[in-house]
Amino acid sequence: MALARIYRPAKTAMQSGKAKSREWRLEFEPASARTIDPLMGWTSSSDMNGQVRLTFDTAEEAVAYAERHGIPFRLQEPQDPPVILKAYADNFATFRKQPWTH
């Protein structure tokens with residue numbers, strides 16, 4: 001049986017919102033390499049598990065699902081970026097290291 005990966009996806013780079021980055025995903029690792037069709041150049045795969053993508057609210061639900069169905073898995077803990085608080089007024093603060101210029 002193929003190895004599954006349980007992870008929480010990062011936020012998309014195209015938008016500033018964090019939609020769909022709070023859910024956990026279970027995806028299967030590719031079992032075989034993709035092949036290129038010589039006529040059209042399309043890539044294809046005979047691995048049907050590559051099309052499976054399950055979403056869960058918590059990591060515990062995803063782990064419980066994998067254990068219940070006997071799926072070997074690897075859990076990737078998310079790396080949350082540090083929260084940097086910024087305010088427009090900080091541009092004019094007296095404690096700035098460099099003077100504010102245009």
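Every value quoted in this text rests on a predicted model; they were computed, and no experiment measured them. We number each residue from 1, following the sequence as shown.
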(message) Looking at E77, I want to see if its CD is surrounded by more than 12 non-hydrogen atoms of other residues, nucleotides or ligands under 6.0 Å.
(response) yes
(message) As an exercise, state the distance from CD1 of I6 to CG of L26, rounded to the nearest 0.5 Å.
(response) 5.0 Å
(message) Contact between V63 and F73 at the side-chain level, heavy atoms closer than 4.5 Å - yes or no?
(response) yes
(request) Using atom types as modelled and distance alone, determine if a side-chain donor or acceptor of D47 lies under 3.5 Å from a backbone N or O of A31. (result) yes
(message) Nearest 0.5 angstrom please: R25 CZ to T55 OG1, how far?
(response) 7.5 Å
(message) To check you understand the geometry: which heavy-atom pair defines the closest contact between I71 and A2, and what is its length?
(response) CG2-O, 4.3 Å
(message) Please list all pairs meeting salt bridge (charged side-chain N to carboxylate O under 4.0 Å, His left out) that have one or both residues in residues 57-75, counting only residues at least two apart or in different chains.
(response) E29-R74
(request) Pick out which of Y65, Y7, W24 makes a ring-ring contact (aromatic ring centres under 6.0 Å, His included) with F56. (result) Y65
(message) With a 4.5 Å cut-off on side-chain heavy atoms, are P30 and S45 touching?
(response) no
(request) State the CG-CG distance between N49 and L3, to the nearest 0.5 angstrom. (result) 11.0 Å
(message) Working to the nearest 0.5 angstrom, can you tell me the gap between L75 CG and R8 CZ?
(response) 11.5 Å
